[in-house]
Amino acid sequence: MTTLPTLPMLQPRRGKPPRHFTDLDPAERADAVKQLGQPAFRAKQLATHYYDHLTVDADDMTDLPAAARDSLVGELFPPLLTKVTQLSADDGATVKTLWNLIDHAKVESVLMKYPDRATLCVTSQAGCGMACPFCATGQMGLTRNLSAGEIIEQVRLAARQARDGELGGDPVRLSNVVFMGMGEPLANYAAVITAVRALTSPPPEGFGLSARHVTVSTVGLVTGIDRLASEGIPVTLALSLHAPDDELRDELVPINARWKVDEALDAARRYFDATGRRVSIEYALIRDINDHAHRAELLAKKLNARGDGWVHINPIPLNPTPGSKWTASDPKVEQEFVRILRMHGIPTTIRDTRGSDIDGACGQLAIKER
């Protein structure tokens, strides 16, 4: 009996997940299966099972030699996420899942069903190091970055759940992924861009999502925005601005001490110029803090100074977080803020706050189970 070699890079280490099939590029996958005594073309078969069939079950892989299935799956698809709890809202159409990682760090993701599709709010870090005071995740601090495999596994499991009709009602296709879960995506750039490539590559090398249906959010890491613009993958960029003036944004978004409002907006405009993709400006409306009419005027002025047709604003009624001193704007104030922006010709759409009753909406993700 032949003893199959062990792949050292696939062994788990404390605080770091084991290397997973999805962490590898196609050439590395071919090398990995050859090290396990199989021909290189098996890598493409494995990719088809993972990205197209959404399975890592050896019993499903009937096109592989029976004697090799368990070793291939065991070495190349180590378990990365274990479901701890799942909460649902909106008659089962919004589901928040708490995942346990291999080192017992915990993260959350949120899956939302719409009439003919589903959207996943995916997590890229356990916790967040950006420390925005109105965001529950930001108050957790950063535990660690997720690997590309841990990010991509959230997508596979969500796609399978949507496909299998587990969101209440008929099955739907996972068509949209937004990097708006826990963490600052551009602070975990290498893993996030690997995940983005997996999302947008056609099967069998990826899930085959349209780049326009993938959104990468950032609080304004300018070097990361410019790097993303150079990748040639025209995903949607969402800039979490929350204030148009440096004095207030220094308080609301601490990274503003490094890159000021104008620098972040200039980078966002460069992203549009490079990709042709309209940038989304995220703006959490906080009562008596950033919802003043003069701030709406200033925001409109700064955006229009950088040209027409390059930006869209998503005001977000602040979602409640435990112990927070801040709350959502009065609806009349919110309406006036939106009116001013639209009066200046800026497309503006108030963000849906689905999942707020299960702490699954924007800014609410925080791990309560230890």
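Quantities reported herein were computed from a predicted structural model and do not represent experimental measurements.
- Linking ILVMFWY side-chain heavy atoms closer than 4.5 Å, directly or via other members, places Trp326 and Met140 in a single hydrophobic cluster.
- Heavy atoms of other residues, nucleotides or ligands lying less than 6.0 angstrom from NE2 of His104 number 12 at most.
- Looking at every heavy atom in both residues, Thr194 comes nearest to Thr22 through CG2-O, 4.0 Å.
- Taking each heavy atom of Ser71 and Leu36 in turn, the nearest pair found is O-CD1, 4.4 Å.
- Between the Asp291 side chain and the Glu334 main chain, no donor and acceptor come within less than 3.5 Å of each other.
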Quiz item: Stepwise, does the side chain to side chain contact (heavy atoms under 4.5 Å, CB included) test hold for Leu101 with Leu81?
Solution: CA-CA 5 Å; Leu101 307 182; Leu81 307 175; 3.2 Å; yes
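- Contact detail for Thr48 and Pro204: the closest heavy-atom pair is OG1-CB, 3.1 Å.
- Figure legend: cation-pi geometry between Arg277 and Tyr271 absent, as NZ or CZ is not positioned both under 6.0 Å from the six-membered ring centre and within 45° of its axis.
- Rounding to the nearest 0.5 Å places OG of Ser217 at 8.5 Å from CG of Leu186.
- Formation of a donor-acceptor pair under 3.5 Å by the Asp60 side chain with backbone atoms of Thr55 is not found in this model.
- Here the side chain of Arg295 pairs no donor or acceptor atom with the backbone of Asn290 at under 3.5 angstrom.
- Side-chain contact between Glu184 and Leu221: present, with at least one pair of heavy atoms (C-beta onward) separated by less than 4.5 Å.
- Screening Asp250, Asp246, Asp266 for a salt bridge (Lys or Arg N to Asp or Glu O under 4.0 Å) involving Lys260 leaves a single residue, Asp250.
- Between the side chain of Glu28 and the main chain of Asp25, a donor-acceptor pair closer than 3.5 Å is present.
- To the nearest 0.5 angstrom, Ile316 atom CD1 is 6.5 Å from Ser240 atom OG.
- Asp164 places no side-chain N or O within 3.5 Å of a backbone atom of Glu166 that could act as its donor or acceptor partner.
- Arg351 and Asn314 get closest at one heavy-atom pair: NH2-ND2, 4.1 Å.
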Practice problem: Walk me through it: do Arg306 and Asp262 pass the test salt bridge (charged side-chain N to carboxylate O under 4.0 Å, His left out)? | Solution: CA-CA 10 Å; Arg306 290 167 171 83; Asp262 286 338; 3.3 Å; yes
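- At least one donor-acceptor pair under 3.5 Å links the side chain of Lys302 to the backbone N or O of Pro244.
- Checking side-chain atoms of Ser201 against main-chain N and O of Ala198 turns up no donor-acceptor pair under 3.5 Å.
- Interatomic distance, Leu341 CG to His312 NE2, rounded to the nearest 0.5 Å: 10.5 Å.
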Quiz item: Would Ile193 and Arg227 count as a side chain to side chain contact (heavy atoms under 4.5 Å, CB included) if you check the C-alpha gap in whole Å, the side-chain angles of each, and the deciding distance to 0.1 Å?
Solution: CA-CA 10 Å; Ile193 196 62; Arg227 191 176 175 188; over 6 Å; no
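- Taking the six-membered ring where the residue is Trp, Phe21 and Tyr50 present tilted rings, their angle falling between 30° and 60°.
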Exercise. Take Val178 and Cys121, measure what side chain to side chain contact (heavy atoms under 4.5 Å, CB included) needs, and give me the verdict at the end.
Key: CA-CA 5 Å; Val178 295; Cys121 185; 4.0 Å; yes
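- Ile152 is not listed as a side-chain neighbour of Leu80, based on a closest heavy-atom distance of 4.5 Å or more.
- The aromatic rings of Tyr51 and Phe207 sit perpendicular, their planes meeting at an angle over 60°, well past the 30° parallel limit.
- Between the side chains of His20 and Glu150, no donor-acceptor pair is found at a separation under 3.5 Å.
- Linking Ile, Leu, Val, Met, Phe, Trp and Tyr residues whenever their side-chain heavy atoms come within less than 4.5 Å leaves Val338 and Ile346 in two separate clusters.
- Although no hydrogens or angles enter the test, the distance criterion places no donor-acceptor pair under 3.5 Å between the side chain of Asp23 and the main chain of Ser147.
- At a threshold of 4.5 Å between non-hydrogen side-chain atoms, the residues Pro65 and Gln38 count as touching.
- Going from atom OG1 of Thr218 over to atom CG of Leu239 covers 7.0 Å, rounded to the nearest 0.5 Å.
- Linking Ile, Leu, Val, Met, Phe, Trp and Tyr residues whenever their side-chain heavy atoms come within less than 4.5 Å leaves Leu298 and Trp259 in two separate clusters.
- Scanning both residues, Pro347 and Val311, for their nearest heavy atoms gives CD-O, 3.8 Å.
- For the residue pair Thr119 / Arg117, a side-chain donor-acceptor distance below 3.5 Å is found, with atom types taken as modelled.
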Quiz item: Stepwise, does the side chain to side chain contact (heavy atoms under 4.5 Å, CB included) test hold for Ile289 with Leu252?
Solution: CA-CA 10 Å; Ile289 299 294; Leu252 295 181; 4.2 Å; yes
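- Counting heavy atoms from C-beta on, the side chains of Ser280 and Arg278 never come closer than 4.5 Å.
- In this structure, Gln139 contributes its side chain and Cys132 its backbone to a donor-acceptor pair below 3.5 Å.
- Panel note: side chain Thr123, backbone Met182; a donor-acceptor pair is recorded below 3.5 Å.
- Following chains of ILVMFWY side-chain contacts shorter than 4.5 Å, one cannot reach Ile350 starting from Ile313, and the two form parts of different hydrophobic clusters.
- Hydrophobic clustering (ILVMFWY, side-chain heavy atoms < 4.5 Å, transitive): Leu142 and Leu146 are in distinct clusters.
- When side chains are defined from C-beta on, Asp330 counts as touching Arg287, because their heavy atoms get closer than 4.5 Å.
- In this structure, CG on Leu167 lies 4.5 Å from CG on Leu111, to the nearest 0.5 angstrom.
- Taking all atoms of both residues into account, the shortest heavy-atom contact from Ala267 to Ile225 is O-CG2, 3.6 Å.
- Between Tyr114 and Val172, every side-chain heavy-atom pair lies at or beyond the 4.5 Å cut-off.
- Counting non-hydrogen atoms of neighbouring residues, nucleotides and ligands closer than 6.0 angstrom, the CG atom of Asp308 reaches no more than 12 such neighbours.
- The aromatic rings of His49 and His53 lie perpendicular to each other, with more than 60° between the two planes, well past the 30° mark.
- By the 4.5 Å heavy-atom criterion applied to side chains, Tyr189 and Leu228 are counted as neighbours.
- The side chain to side chain donor-acceptor pair (under 3.5 Å) test with Thr97 singles out one residue from Gln161, Gln154, Lys83, Gln86, and that residue is Gln86.
- The CD1 atom of Ile151 lies 5.5 Å from the CG atom of Asn188; values are rounded to the nearest 0.5 Å.
- Of the residues listed (Glu247, Arg249, His242), the one engaging Asn256 in a side chain to side chain donor-acceptor pair (under 3.5 Å) is Arg249, and it is the only one.
- You'll find the side chain of Arg29 reaches within 4.5 Å of the side chain of Glu205, heavy atoms only.
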